[in-house]
Amino acid sequence: MSLQVIGDPVLHSKSPALHGAMLSALGLDIPYDARTVRRGELPEYLTWAEEHGVTGFNATMPHKEDVLPLLDEIHPAAAAVGSVNTVCLRRGRWVGFSTDGTGALAALRDGLGFDPAGACVTLLGAGGAAKAAALALADAGAARVFVCNRTLDRARQLCALAPSGRLVPAGLEGGTLARCAAQSSLLVNCTSLGMEGCPGQFEAFDFLDKLPHGAAVFDLIYHPAQTQLLAQAQRRGLPAMNGLPMLVWQAVLALEHFLGRPLDRKAMAAAATAALNEI
Ligand code: NAP
């Protein structure tokens, strides 16, 4: 039995360190390594993996959507998001899961004490990560999630995925953000604005002033560890968290799928976090 993370590029991935630390904390001698798989090479990879005893893998760019039609079964939450990050071989069948949304929720609960039930959230972005986070928040009972995106059409498409009406599309202009923030107990950045190596930055942070007292800010970005958004939130005394806890929690939940049993999640998250701090 062995586990992998596949993608292109993938050699920078923190998954081997995270999973290695959790497996070793469990006393399990199961190798987990990174393998470069280029776009279009997935069918060959699946055959190779089965022949070489790979019983599960994490999928990263560019495979999270491309792998869907090659799977034998897709967990409903992953099907709703339209992407998987965790694939397990179960009795000869490849089964896909997504732990991005549930990982974000677990990080919010553990790191910020945030309870989505009945909450109103301003979520920036409408890409893959935004989709997973928005659907997970709606599923966990958030009363309203404003999905604010530069390309409004993309926000509309995302919101149409949750017919409950809990997801509300909006633009990313300062005035719109201010109006949404004023009603929200959480602001989540799921855009790549502020990410190292990505062009673009928020033009202003005035919308943070509109957040009610006690509201929190969660930036999915973890490189850099402190984005300008997080620095501005902290200057205003708002509880703020970067994307590392989400990275940790999605790995904890992925490992439960790989091993097919519940784990002591807190202990696993602690082992994974300690490994991240050593990188
Ligand atoms: P994606 O699918 O490419 O989506 C990118 C989003 O950013 C889109 O909403 C896009 O808006 C917006 N955007 C990009 N440049 C912009 C600009 N100059 N101005 C305004 N909006 C802009 O990417 P993703 O996979 O969702 O990832 C988004 C972020 O989340 C990345 O920083 C990634 O590192 C982070 N992430 C973190 C974790 C974690 O575990 N912590 C997991 C997944 C992702 P348009 O639709 O208008 O283009």
Side-chain angles (χ1 to χ4, degrees), residues 5 7-10 12-15 17-19 58-66 78 81-86 97-108 110-112 122-137 145-161 167 169-174 176-177 187-205 207 217-230 240-255 269 272-273 276 279:
V5 54
D8 182 25
V10 74
H12 67 286
S13 170
K14 298 186 194 303
S15 291
L18 293 172
H19 283 272
N58 287 121
T60 183
M61 259 179 36
H63 303 307
K64 290 172 85 161
E65 286 99 25
D66 292 2
V81 179
S83 81
V84 303
N85 69 345
T86 303
F97 303 88
S98 173
T99 65
D100 284 337
T102 44
L105 285 188
L108 280 167
D110 186 61
L112 291 171
T122 295
L123 186 142
L124 316 182
K131 203 189 288 182
L135 290 177
L137 283 163
V145 180
F146 297 110
V147 177
C148 306
N149 197 46
R150 173 180 63 177
T151 312
L152 186 54
D153 245 11
R154 242 181 136 189
R156 288 198 180 109
Q157 283 166 24
L158 194 169
C159 293
L161 296 173
L167 305 186
L172 201 65
E173 311 77 32
T176 308
L177 292 187
L187 183 135
V188 187
N189 177 37
C190 303
T191 74
S192 43
L193 284 173
M195 187 167 92
E196 197 151 297
C198 275
Q201 184 50 265
F202 290 97
E203 282 166 17
F205 294 93
F207 57 87
V217 175
F218 175 30
D219 197 334
L220 263 61
I221 293 171
Y222 51 83
H223 205 52
Q226 192 185 52
T227 58
Q228 279 192 38
L229 177 71
L230 289 181
M241 180 173 79
N242 72 12
L244 278 176
M246 173 174 165
L247 192 70
V248 164
W249 281 99
Q250 60 79 26
V252 171
L253 300 174
L255 190 61
T273 304
L276 271 186
I279 295 177

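Every number for a ligand or one of its atoms is a count from 1 in the order of the listing. These figures come from a predicted structure and were not determined experimentally.
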Quick check: S192 and ligand 1, any N/O pair under 3.5 Å apart?
yes
Quick one: which of V248, L220, N242 has a heavy atom closest to atom 36 (N) of ligand 1?
L220
Give the residue, atom name and distance (to 0.1 Å) of the protein heavy atom nearest atom 23 (O) of ligand 1.
G128 N, 4.6 Å
Once you restrict to heavy atoms under 4.0 Å, what part of L193 touches ligand 1? Side chain, backbone, both or neither.
side chain
Please write down residue, atom name and distance for the protein heavy atom closest to atom 45 (P) of ligand 1.
T151 OG1, 3.4 Å
Under the side chain to side chain contact (heavy atoms under 4.5 Å, CB included) criterion, do L177 and L172 qualify, and how do the steps go?
CA-CA 6 Å; L177 292 187; L172 201 65; 4.1 Å; yes
Does the protein put any heavy atom within less than 4.0 Å of atom 47 (O) of ligand 1?
yes
Is it the case that the side chain of N58 and the backbone of N85 share a donor-acceptor pair, with hydrogens and angles ignored and the cut-off at 3.5 Å?
yes
Out of curiosity, L220 CG to S192 OG, how far, rounded to the nearest 0.5 Å?
11.0 Å
heavy-atom search around atom 32 (O) of ligand 1 in the protein gives M195 SD, 2.9 Å
Within the 4.5 Å heavy-atom criterion, are T191 and F202 side-chain neighbours or not?
yes
Using heavy-atom distances only, which candidate in P245, G127, A130 approaches atom 4 (O) of ligand 1 most closely?
G127
Between the candidates C190, A129, A126, which shows the shortest non-hydrogen contact distance to atom 25 (O) of ligand 1?
A129
Is there any N or O on G200 that sits under 3.5 Å from an N or O of ligand 1?
no
Select the closest option to atom 22 (C) of ligand 1 among M246, K64, R150, judged by heavy-atom distance.
R150
Could you check which of T191, L123, L172, D100 puts a non-hydrogen atom nearest to atom 20 (C) of ligand 1?
L172
Point-to-point distance, once rounded to the nearest 0.5 Å, from CG of L135 to CG of L167
6.0 Å
What part of I221, side chain, backbone, both or neither, has a heavy atom within less than 4.0 angstrom of ligand 1?
side chain
Near G125 (heavy-atom distance under 4.0 Å), the atoms of ligand 1 are 9 (O)
Report the part of N149 in contact with ligand 1, treating N, CA, C, O as backbone and CB onward as side chain, heavy atoms under 4.0 Å; options are side chain, backbone, both, neither.
side chain
If I take atom SG from residue C190 and atom CE from residue M246, how far apart are they, to the nearest 0.5 angstrom?
7.0 Å
Can you tell if the side chain of D100 reaches within under 4.5 Å of the side chain of V81, non-hydrogen atoms only?
no
Measuring from non-hydrogen atoms of R154 to any atom of ligand 1, is the shortest distance under 4.0 Å?
yes
Could you grab the distance from atom CG of N189 to atom CG of L229, nearest 0.5 Å is fine?
5.5 Å
Can you tell me how far apart CZ (F97) and CG (L253) are? Round to the nearest 0.5 Å.
11.5 Å
Per-atom contacts of ligand 1 with Y222, taking only distances under 4.0 Å to non-hydrogen atoms:
39 (C), 41 (N)
About how many Å separate CG of L158 and CG of N149, when rounded to the nearest 0.5 Å?
8.5 Å
Does Q250 offer a backbone N or O that forms a donor-acceptor pair with the side chain of T99 under 3.5 Å?
yes
